[in-house]
Each structure stands twice: as structure tokens, then as C-alpha cells.
> 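What follows is a structure written as C-alpha cells; I'll ask about it next.
Numbering starts at 1 and runs along the sequence shown. Order of appearance sets the numbers: ligands from 1, and atoms from 1 within every ligand.
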Amino acid sequence: MATSQQLKRSERIIGSVRVEFIDLAAQQQRIKGKIEKNIQRVLDHGMYIMGPEVKELETRLSSYVGMKHAISCASGTDALLMALMAYGVKPGDAIFTTPFTFIATAEVISLLGATPVFVDIDPQTFNIDPSKLALAIKALKSNNTSIYPLPITHSPLPLIPRGVIPVDLFGLCADYDAINAIAGQNGLFVIEDAAQSFGATYKAKRACSLGDIGCTSFFPAKPLGCYGDGGMCFTDDDKLAEIMESIRVHGKGGHKYDNVRIGINGRLDTLQAAILLAKFEIFPEEVELRQSVAQRYTDLLSHSPSPIAPYLPREARSVWAQYSLLAKNEDARTVLMEHLQDNKIPTAIYYPKPLHLQPAYAPLGYAPGDFPVSEDTASRIFSLPMHPYLAQADQERIAEVMAAR
Ligand SMILES: *Cc1c(COP(=O)(O)O)cnc(C)c1O
């Protein structure tokens with residue numbers, strides 16, 4: 001009879017142990033004591049709303065990111081919403097963003113009655129393409145769709161270009177030198193959607209500090225995640241920070257029952273802040289571990305001609321929220337993902353359909369072919385398991401399974 005230890009080992013050898021896509025349990029095991037202590041402290045003081053842990057987290061993260069102000073909030077979506085509200089975005093305003101992202105990026109624009117103007121991505125980084133951003137701005141300003149595809153508007157008035165929301169997809173920062181220059185020339189603000197890139201760097205600056213406002217998410221699966229929903233806005237601008245703090249609590253003025261503007265209930269729970277404080281202690285080390293895991297994948301997969309491993313630009317360091325590959329075509333992706341699934345290796349597609357082709361955005365009148373790079377990428381991309389605690393043996397097995405196709 002095999003001991004359970006031997007059984008476990010032999011299961012691993014025959015490859016029947018399921019690999020976790022994101023292993024939150026391994027992380028929790030490391031810092032269980034610290035998390036429990038932090039939670040207990042909140043239960044003891046009882047300040048569940050805006051307790052001392054919230055301010056402490058804001059102070060720590062603003063210094064990590066390198067921005068003067070940090071305003072925590074209830075989710076990454078609320079962070080983006082608060083940022084747009086701080087600029088007074090309203091119906092008739094145009095906000096340029098990528099169609100190859102999670103719906104939240106564009107959804108907040110629409111929630112305020114403004115119009116997302118989509119701009120295609122770079123085929124290597126999957127982030128907004130600065131040269132196409134320049135074209136889209138030019139097209140909008142001259143109302144000329146022969147320059148670049150534009151959304152249909154249902155108003156006789158022309159849209160007013162206000163800002164850009166670049167997304168740091170999969171943890172890799174967009175090209176902010178180029179984006180900020182174009183935005184500056186056109187009087188546009190830049191809100192960095194850093195929901196996937198907290199901990200990444202771009203030319204020695206940290207993600208969340210690359211635009212006028214940086215917005216991140218603490219959703220459990222993000223690089224720095226809590227045990228529920230959470231988010232944060234970062235800015236160097238005193239006025240914007242003051243407005244976002246007000247918006248977070250129903251547009252408060254001097255006190256809670258003094259309402260100077262329309263806001264939201266957008267606070268981060270003290271319990272989530274306490275959990276994040278525990279997790280943040282090992283976060284810098286986890287960022288390093290993510291580099292090793294990603295590098296190992298890239299080395300292991302470099303021998304096979306296809307699928308294509310992610311691009312590593314020299315000026316940016318990804319935090320690897322996802323490790324995504326491009327298959328030859330959609331059918332090759334289906335075959336490969338099924339083969340991996342049969343071998344208990346989970347994969348995921350981020351994102352199967354670009355936003356301009358989502359039913360929710362049908363009223364914008366975009367058509368297939370408007371953003372060919374996003375459409376092609378959506379048909380071929382898939383992501384492998386990725387987290388700081390992914391074992392070398394598991395990665396070797398994943399590479400073997402992929403090579404056997
Ligand atoms: C997760 C995510 C969001 C939204 O964050 P939530 O905390 O889930 O609201 C926004 N943008 C991008 C790119 C995301 O990945």
C-alpha cells in the first residue's frame with residue numbers, strides 16, 4: 001500500500017494534480033497569522049467604516065507608488081468612476097480608451113453619460129496604440145471617419161474630447177511617454193487604469209503614477225488583492241484628491257451632513273484595509289517571484305515555435321497579472337486549451353470579445369473590422385496559470401503538455 005505521501009508524489013508524476021490558475025491559498029498559508037491578527041484588531045476596535053487601517057494603507061501605498069495622495073475606495077470600478085467624476089465628465093464628453101479590456105474601463109464612461117471612443121491596441125503589448133490615439137483624436141476633432149472609426153452620436157452637437165484611459169493590460173504598463181505627450185498637446189487628462197498593474201514599473205516609475213490619476217483594484221485575483229472588493233485612486237494633484245475624497249462619501253463638504261456635490265458610497269471597508277496591510281508586507285517579494293515565474297515560462301516555451309510568448313519591452317517591467325500567449329488561430333487555441341484542460345491545467349481567455357462588439361455597446365454603431373488588432377488578438381489569446389507560488393515542476397509539466405500538441 002502506498003503511503004499518502006507516495007500517492008501524492010505518484011499523482012504528480014502521472015500529471016493528475018490540478019494546477020491552480022491563481023493560488024490564493026498558498027499565499028494565505030504564508031501569512032495566516034498576520035492576517036488573523038489584523039482582522040482581530042479591527043474586531044477589537046470596531047471602527048468598521050474608515051477605521052485607522054484605511055488611512056494607514058493609503059499612506060503606505062501612496063509612498064510605494066510615488067504619488068502624493070491615495071484615496072481608497074470600494075472597487076477598481078469605483079476608482080475609475082471617482083476619477084472621471086473628479087473631472088466633471090458629463091454627456092457630450094468623449095473619453096478615448098481601448099476596446100481590448102474588461103468592461104469596467106468603458107462602463108464608467110457610459111455611466112456618466114459620456115461616450116467611449118475606442119482606439120485599437122498595439123499587437124505586441126496589447127495596450128492602446130499611441131499612433132492610433134493621435135489619429136482618433138484628429139478624426140474626432142474634424143468629425144472625419146475616414147481618418148479613424150468614430151462612434152455614432154445621438155446629439156447634433158459634436159463630442160468634446162476630454163481625456164484618455166489607457167489600460168495596463170495583464171500587468172504591463174502602456175506607453176505613457178507617448179500617451180502623455182499626445183494628451184498634453186490636445187488638452188486631455190490621462191487616467192491610468194492600473195487595475196492589473198499595481199507593482200509594475202515603467203521607466204523607473206511605478207504603475208498608478210503614470211497619468212494624472214492612477215486607479216487600481218484589490219479584487220482578489222489582482223496582483224495585490226483583498227478578500228472582497230476594494231480599489232484606490234492615486235494623484236499628485238491636491239484639488240483632484242480633495243474632490244475624490246468628497247465624492248467617495250456622498251459628496252461631503254466640511255462634514256458628513258454637508259453635501260457640496262453629488263457623490264457615491266465608495267468607501268473601502270476597514271477589514272479589507274487590514275487584510276491588505278498584511279498582504280502588502282510580502283507584496284514586493286511576490287512581485288519578484290512573479291518575475292521568476294514569468295521568466296521560467298518564457299524560457300520553457302521559447303523552444304516551441306507557436307504559440308507566441310508575451311513581449312517584454314525593455315523600458316517596462318510587468319507584474320504579470322496574466323501570462324498570455326497567442327495561438328496561431330482560433331481553432332489552434334481551442335485544441336490547445338482543451339488539451340491543457342484534459343491534463344488538469346486551467347486556462348482562461350482575456351478577453352474573448354472586444355468591447356466595440358459587445359451588445360452593450362451596439363448603440364455606438366461600431367462594426368467588425370473597426371479595430372482589427374483587438375479582434376485578431378481576442379480570437380487567438382489565452383492565459384496560463386500565473387501566481388507567485390507556481391512551482392517550477394508544474395511549469396515544466398505545462399510546457400511538456402503544450403509541446404505534445
Ligand atoms: C478588474 C478590472 C477593473 C475593475 O476592478 P473591480 O475592482 O473589479 O471593480 C477595471 N479595469 C480593469 C482593466 C480590470 O482588470
> So if I count the atoms of ligand 1 from 1 in the order they appear, which ones are less than 4.0 Å from some heavy atom of Thr101?
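This gives 13 (C) as the contact atoms.
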> Give the numbers and elements of all ligand 1 atoms closer than 4.0 Å to a heavy atom of Ala104.
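Under 4.0 Å from Ala104, ligand 1 has these atoms: 4 (C), 10 (C).
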> Pull out every atom of ligand 1 sitting under 4.0 Å from any heavy atom of Val167, numbered as shown with elements.
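So the atoms of ligand 1 that pass are 13 (C).
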> Which of the atoms of ligand 1 are close to Ala195, meaning less than 4.0 Å from one of its heavy atoms?
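Heavy-atom distances to Ala195 below 4.0 Å select 2 (C), 3 (C), 10 (C), 11 (N), 12 (C), 14 (C), 15 (O).
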> Among all protein heavy atoms, pick out the one at the shortest distance from atom 1 (C) of ligand 1; state its residue, atom name and that distance to 0.1 Å.
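Answer for atom 1 (C) of ligand 1: Lys222 NZ, 1.5 Å.
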> Donor-acceptor pairs are to be reported for all side-chain atoms of residues 40-48 against protein atoms at under 3.5 Å, with residues two or more places apart or in another chain.
unit_1: Gln40; atom_1: NE2; unit_2: Asp44; atom_2: OD1; d: 3.0
unit_1: His45; atom_1: ND1; unit_2: Met47; atom_2: N; d: 2.9
unit_1: His45; atom_1: NE2; unit_2: Glu53; atom_2: OE1; d: 2.9
unit_1: His45; atom_1: NE2; unit_2: Glu53; atom_2: OE2; d: 3.2

> Please say whether the positively charged group of Arg206, taken as NZ for Lys or CZ for Arg, lies over the ring of Tyr64, i.e. under 6.0 angstrom from the six-membered ring centre and within 45 degrees of the axis.
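That pair qualifies as a cation-pi contact.
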> Using a 4.0 Å cut-off to any heavy atom of Gly76, which atoms of ligand 1 qualify?
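Heavy-atom distances to Gly76 below 4.0 Å select 5 (O), 6 (P), 7 (O), 9 (O).
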> Among protein heavy atoms, which sits nearest to atom 4 (C) of ligand 1, and what does the distance come to when rounded to 0.1 Å?
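Nearest neighbour among protein heavy atoms for atom 4 (C) of ligand 1, to 0.1 Å: Thr77 OG1, 3.5 Å.
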> Any idea which heavy atoms bring Arg333 and Ile381 closest together, and the distance?
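In this case the closest contact between Arg333 and Ile381 is NH1-O, 2.7 Å.
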> Under 4.0 Å between a side-chain nitrogen and a carboxylate oxygen: does that hold for Glu242 and Lys252?
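Salt bridge: no.
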> Is ligand 1 under 4.0 Å from a heavy atom in the side chain of Asp193, in the backbone, in both, or in neither?
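The part of Asp193 near ligand 1 is the side chain, not the backbone.
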> For a quick test of your reading: what N or O donor-acceptor pairs under 3.5 Å do the side chains of residues 214-226 make, sequence neighbours left out?
unit_1: Thr216; atom_1: OG1; unit_2: Ala194; atom_2: O; d: 2.8
unit_1: Ser217; atom_1: OG; unit_2: Phe219; atom_2: N; d: 3.1

> Is the Tyr311 to Phe126 ring centre distance short of 6.0 Å?
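Ring-ring flag for Tyr311/Phe126: false, centres at least 6.0 Å apart.
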> Strictly below 4.0 Å, N to O, side chains only: are Glu285 and Arg30 in salt-bridge contact?
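Looking at Glu285 and Arg30, the cut-off is met.
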> Below 4.0 angstrom from a heavy atom of Ser75, which ligand 1 atoms are there? Numbered from 1 as shown, please.
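Those qualifying, in numeric order: 7 (O), 9 (O).
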> With a cut-off of 4.0 Å, which atoms of ligand 1 are near a heavy atom of Ser217?
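Numbered from 1, ligand 1 contributes 5 (O), 6 (P), 7 (O).
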